[in-house]
Asks: 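Okay, handing you the structure first.
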Amino acid sequence: MTTYSKYIDIAIALPVYNTFTYRVPENFSSFISIGKRVLVPFGKRKVTGYILGSCEKTSRSEIEIKLILDILDENPLFPSSIVPFFRWISEYYIYPIGEVIKSALPGGLNLYEYAVISITENGKNVLKDNSVPPIQREILSSLESEACRQKNLCKIINKNIPNSLIQIMENLGLIISKRELKGGRTRPKLERHVSLTSSEISAKELSVQKKKIIDALKEEGELSVKKLKKLVPSAPGLIKSLENKGYISIIKKSVYRDPFGESIETDSAHILTKEQEQVISKVANSLNNGFSTFLLAGVTGSGKTEVYMQLAAEAIKKECNVIVLVPEIALISQMERRFRARFGECIAVLHSGLSAGERYDQWMRISSGEATIAIGARSAIFAPFDNIGIIIVDEEHDISYKQESGLRYNARDLAVVRAKLNNCVALIGSATPSIQSYYNVTINKFTELTLKKRIKKRPLPEVTIIDLRKIRDCRGVKKFISSELHEAIKKTLERKEQILLFLNRRGFASSPVCASCGKAIRCKNCDISLTFHKEANAYKCHYCGFTLASTSNCPTCGSAGIKLLGLGTEKIEAAVKSLFPNAKTARMDRDTTTRKGSVLKLLKGLRNRTIDILVGTQMIAKGHDFPNITLVGIICADLSLSLPDFRAGERTFQLLAQVSGRAGRGNVSGRVILQTFNPEHFSILSAKTQDFKTFYNKEIPFRKSLKYPPFSRMVQIKISGNDKEKTRQHALAVGNLCNTLKKNNKSFIKSIEVLGPIEAPLPRIAKQYRWQILLKSLRVRELHSLVHLMMFRNSSNFYKQKVKVVVDMDPFFMM
Ligand code: ADP
Ligand code: ZN
Ligand code: ZN
């Protein structure tokens with residue numbers, strides 16, 4: 001939008017599905033550009049909107065088209081090339097476009113209110129001249145006495161000051177506004193470095209310590225004070241006098257800290273293995289060559305990250321930007337560390353662990369072109385790059401790419417969509433690719449790439465399956481720690497190697513039961529058993545957070561005798577501590593990682609070997625690379641197997657194969673002890689060999705015969721409310737609506753299957769009664785039209801007061 005356009009297309013940050021045309025007043029014209037926010041009148045309100053483009057005048061008369069009131073941003077928040085992506089998302093997920101953009105943008109955007117404005121010399125002169133318009137005059141004279149925040153300025157003058165006026169005055173050089181971010185900026189850490197300035201130093205007059213410093217500098221050229229200090233503890237004091245004598249110079253350099261708070265040594269590219277080389281050359285040939293999607297299936301430890309880094313370097317060589325998606329924060333840190341070591345400063349990071357101010361900073365670094373690589377969790381798919389070369393999705397099978405509230409998108413899917421719209425490459429990688437993605441390979445939508453071998457020919461860990469049914473009748477710890485596992489832990493500790501013990505359930509006892517009436521101790525807000533937590537000394541609900549004192553009696557019969565049945569990571573930790581009192585045991589699950597930095601602390605403990613045994617949930621299963629872990633114990637492999645979800649087998653396979661893959665990544669080969677009640681189940685047998693193709697071939701016939709994805713598309717309608725009867729009634733009514741619309745439309749009769757309404761497998765969470773309807777179809781088009789009919793043509797039947805109705809495209813959480 002370089003030329004002045006009178007009419008602009010605006011998305012409003014409200015639940016409305018259309019975009020709207022507004023007029024631009026002449027004096028704003030030079031400030032208009034796509035990606036800026038504006039303030040517009042909407043009905044009786046003033047709301048935020050986003051400029052999406054210019055547009056033709058509509059049929060309405062000039063007067064009817066309202067004028068925009070203000071421009072809120074100095075610089076665009078997103079490039080014009082991302083607009084089609086926003087529109088696509090809005091249509092596909094049937095979500096208001098303005099809210100799509102709002103979800104995409106970082107929080108903390110209204111920080112401009114905190115900008116401190118002060119008058120310039122020029123401003124002071126102009127004020128004497130008497131030549132400024134009254135409102136500007138008023139602003140300047142108020143600023144003359146004291147600089148203040150824009151927000152407060154409005155109060156002092158008692159007038160609404162449009163942001164654009166501030167911008168205009170700033171452009172005229174009358175004022176300066178300095179943004180002081182509320183969340184605090186992340187300042188680069190500075191480290192002092194020392195180098196020699198003179199080669200002729202008379203060593204005679206130097207003390208021994210000083211001489212040592214000079215010698216070290218002669219050898220290394222330049223050294224950080226931190227390193228010097230290791231050599232000569234008193235160095236920080238000594239270098240001052242050396243500097244005064246003119247022998248050395250001290251400069252400050254910004255260093256990048258890794259997530260552990262340590263500075264990162266730069267690294268250089270590895271010499272590639274044959275396999276890696278082939279993979280990289282295939283993808284590199286496609287860079288700048290239109291849209292394509294590659295699925296990189298590489299066993300754990302096969303060097304996928306090295307492939308990502310070298311391809312990122314290729315893209316940057318071609319002057320393109322790179323997006324790297326990683327499923328969760330702990331893994332982002334690891335990816336960030338490796339990328340920073342290779343690429344240095346050009347990296348921006350986006351994830352929910354950052355403060356609003358930090359996220360805003362990172363966003364603007366991408367938007368301004370300062371950063372060329374964005375690494376982040378699912379929301380990084382919205383990184384405001386203009387020219388993308390490659391979008392990389394690591395651990396593409398991971399379910400945390402699916403957002404489960406608000407805009408319920410799947411970032412893995414959106415990576416492919418954005419690549420298509422940007423005409424670039426999507427590279428999605430995993431050791432355990434999802435059924436969906438591998439299916440896309442078989443129908444030639446994606447191109448398969450494989451890394452079959454681990455780096456340095458390290459073998460995959462040897463997996464031993466233990467039948468838990470055989471020890472079912474044992475007592476105490478022996479019931480869940482088999483003698484084989486016990487023995488293996490002992491041997492591993494003796495060799496001074498590390499151990500992971502995996503159980504995907506936190507707490508101490510997952511099913512406390514009354515010894516006298518036999519009833520489970522349940523949450524009062526949810527239809528779910530409470531879990532006993534020893535550390536918190538209370539029963540807790542994992543869905544709504546409800547807690548019950550540990551001293552409570554049975555809610556049903558009042559008896560005090562409650563049996564703590566069921567396993568959890570706390571119980572495993574306690575068992576391990578009693579069996580191996582000399583080992584350093586720690587636990588990583590949601591309970592031990594609520595504090596910021598706690599995940600990193602645990603990971604650091606693994607790296608520095610201050611932890612011998614780490615017990616944990618799926619948090620320990622993912623992507624980590626710790627070479628000294630040689631034993632992985634899977635306490636009970638079956639927890640996710642019996643869930644009422646068609647992906648239960650897939651999830652189980654992925655989780656087991658991933659956690660097994662943590663073993664033997666260093667020079668000593670690894671071992672896995674997998675305990676299960678279902679030793680013949682194919683999900684478990686294929687996890688034994690980490691062979692996703694065996695799993696795929698066994699799983700795919702089920703999906704086909706039951707017409708589940710990838711052989712169909714699904715939409716789930718989630719209906720919930722706090723009135724049991726009303727919710728049920730409305731669920732039935734929406735079900736009727738579905739069926740009626742289906743009956744009356746030829747194109748739906750054969751193509752759409754309506755399942756439900758049924759009560760959800762978790763029928764009540766946090767006092768909300770839950771129902772669901774599943775719509776299945778071979779194609780997404782019919783599903784979209786049916787949902788459109790309900791939402792837009794029959795909205796009075798589809799929505800109801802006090803009942804929440806949510807549409808979830810491609811649902812994951814089926815409970
Ligand atoms: P994956 O992501 O496939 O699990 P990683 O990328 O973490 O595997 O690689 C495993 C280890 O091997 C890492 O420590 C990495 O630095 C190292 N590595 C990767 N590629 C090479 C290579 N070509 N030569 C030597 N070491 C490599
Ligand atoms: Zn009881
Ligand atoms: Zn609850």
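Predicted, not measured: the structure shown is a model, and the values here were computed from it. Each ligand, and each atom within it, is numbered from 1 in the order the structure gives.
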Asks: When you measure from the heavy atoms of Val299 to every atom of ligand 1, does any distance fall below 4.0 Å?
Replies: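 Contact check Val299 vs ligand 1: positive.
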Asks: Side chain or backbone of Lys304 under 4.0 Å from ligand 1, or both, or neither, by non-hydrogen atoms?
Replies: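 Looking at Lys304 and ligand 1, atoms from backbone and side chain both fall under 4.0 Å.
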Asks: Got an N/O contact under 3.5 Å between Lys456 and ligand 1?
Replies: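 No, since none of the N or O atoms of Lys456 sits under 3.5 Å from an N or O of ligand 1.
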Asks: Mind reading off the angle at the Zn ion (ligand 2) between the SG atom of Cys554 and the SG atom of Cys514, rounded to 10°?
Replies: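 Once rounded, the angle between the two atoms at the Zn ion (ligand 2) is 110°.
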Asks: Using a 3.5 Å cut-off on N or O atoms only, is Arg458 in polar contact with ligand 1?
Replies: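 Among all N and O atoms of Arg458, none is under 3.5 Å from an N or O of ligand 1.
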Asks: What's the separation between atom CD in Gln498 and atom CG in Leu614, rounded to the nearest 0.5 Å?
Replies: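 One gets 9.0 Å once the value is rounded to the nearest 0.5 Å.
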Asks: For Thr593 and Ser598, test the side chains for any donor-to-acceptor distance below 3.5 angstrom and give the result as yes or no.
Replies: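 Per modelled atom types, Thr593 and Ser598 side chains form no pair under 3.5 Å.
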Asks: To the nearest 0.5 Å, how far apart are CD1 in Ile634 and CG in Leu501?
Replies: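 Between Ile634 CD1 and Leu501 CG, I get 10.0 Å after rounding to 0.5 Å.
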Asks: Are any of the N/O atoms on Thr300, whether in the backbone or the side chain, positioned under 3.5 angstrom from an N/O atom of ligand 1?
Replies: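 N/O-N/O distance under 3.5 Å: no.
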Asks: Is it the case that Gln310 and Glu314 place a side-chain donor and acceptor less than 3.5 Å from each other?
Replies: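 No pair is found: no donor N or O on one side chain lies under 3.5 Å from an acceptor on the other.
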Asks: I need the atoms of ligand 1 closer than 4.0 Å to a non-hydrogen atom of Gly303, numbered in the order shown.
Replies: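 Reading through ligand 1 atom by atom, the close ones are 1 (P), 3 (O), 5 (P), 6 (O), 8 (O), 9 (O), 19 (C).
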Asks: Compute the centroid of each ring, for Phe653 and then for Phe692, and state whether the two points are separated by less than 6.0 Å.
Replies: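 Ring centres of Phe692 and Phe653 not closer than 6.0 Å.
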Asks: Show the atoms of ligand 1 that are less than 4.0 angstrom away from any heavy atom in Thr305.
Replies: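 The atoms of ligand 1 under 4.0 Å from a heavy atom of Thr305 are 2 (O), 6 (O).
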Asks: With the threshold set at 4.0 Å, does a side-chain nitrogen-carboxylate oxygen contact exist between Lys534 and Glu570?
Replies: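 Answer for the salt bridge query: no.
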Asks: Thinking salt bridges, do Arg378 and Glu328 make one under a 4.0 Å N-O criterion?
Replies: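 Salt bridge: no.
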Asks: Test of geometry: compute the angle SG(Cys517)-the Zn ion (ligand 2)-SG(Cys557) and round it to 10°.
Replies: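 Value returned, to the nearest 10°, is 110°.
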Asks: Can you name the atoms of ligand 1, numbered from 1 with element, that are less than 4.0 Å from a heavy atom of Ser302?
Replies: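 Counting atoms of ligand 1 from 1, those under 4.0 Å from Ser302 are 1 (P), 3 (O), 8 (O).
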Asks: Excluding waters, which protein N, O or S atoms are within less than 2.8 Å of the Zn ion (ligand 3)?
Replies: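 Atoms qualifying: Cys523 SG, Cys526 SG, Cys541 SG, Cys544 SG.
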Asks: Can you measure from CG (Leu296) to CG (Leu427) and round to the nearest 0.5 angstrom?
Replies: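 Reported to 0.5 Å precision, the distance equals 5.5 Å.
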Asks: Does this structure show an ion pair linking Lys693 with Glu448, if we count only N-O contacts that are shorter than 4.0 Å?
Replies: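 Between Glu448 and Lys693 there is a salt bridge, with a charged N closer than 4.0 Å to a carboxylate O.
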Asks: Who gets closest to atom 5 (P) of ligand 1 by heavy atom: Glu275, Arg338, Glu306?
Replies: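 Nearest option to atom 5 (P) of ligand 1, by heavy atoms: Arg338.
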Asks: Going by an N to O cut-off under 4.0 Å, is there a salt bridge joining Lys688 and Glu462?
Replies: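 Salt bridge flag = no for Glu462 with Lys688.
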Asks: Check Ile271 against ligand 1 and report side chain, backbone, both or neither, counting heavy atoms closer than 4.0 Å.
Replies: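 Looking at Ile271 and ligand 1, just backbone atoms fall under 4.0 Å.
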Asks: Report the relative orientation of the aromatic rings in Phe532 and Phe508; use parallel for angles under 30°, tilted for 30 to 60°, perpendicular for over 60°.
Replies: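 Ring orientation, 0 to 90° scale: perpendicular.
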Asks: Quick one: do Asp808 and Lys718 make a salt bridge, cutoff under 4.0 Å?
Replies: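 Salt bridge between Asp808 and Lys718, a charged N being under 4.0 Å from a carboxylate O: yes.
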Asks: Which of the atoms in ligand 1, numbered in the order shown and given with their element, are less than 4.0 Å from a heavy-atom of Leu272?
Replies: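 The atoms of ligand 1 under 4.0 Å from a heavy atom of Leu272 are 23 (N).
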Asks: Once you round to the nearest 0.5 Å, how far does OH of Tyr401 lie from OG of Ser434?
Replies: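 The OG atom of Ser434 is 11.5 Å from OH of Tyr401, to the nearest 0.5 Å.
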Asks: Given Gly301, Gly666, Gly298, identify the one with the heavy atom nearest to atom 1 (P) of ligand 1.
Replies: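 The option holding the nearest heavy atom is Gly301.
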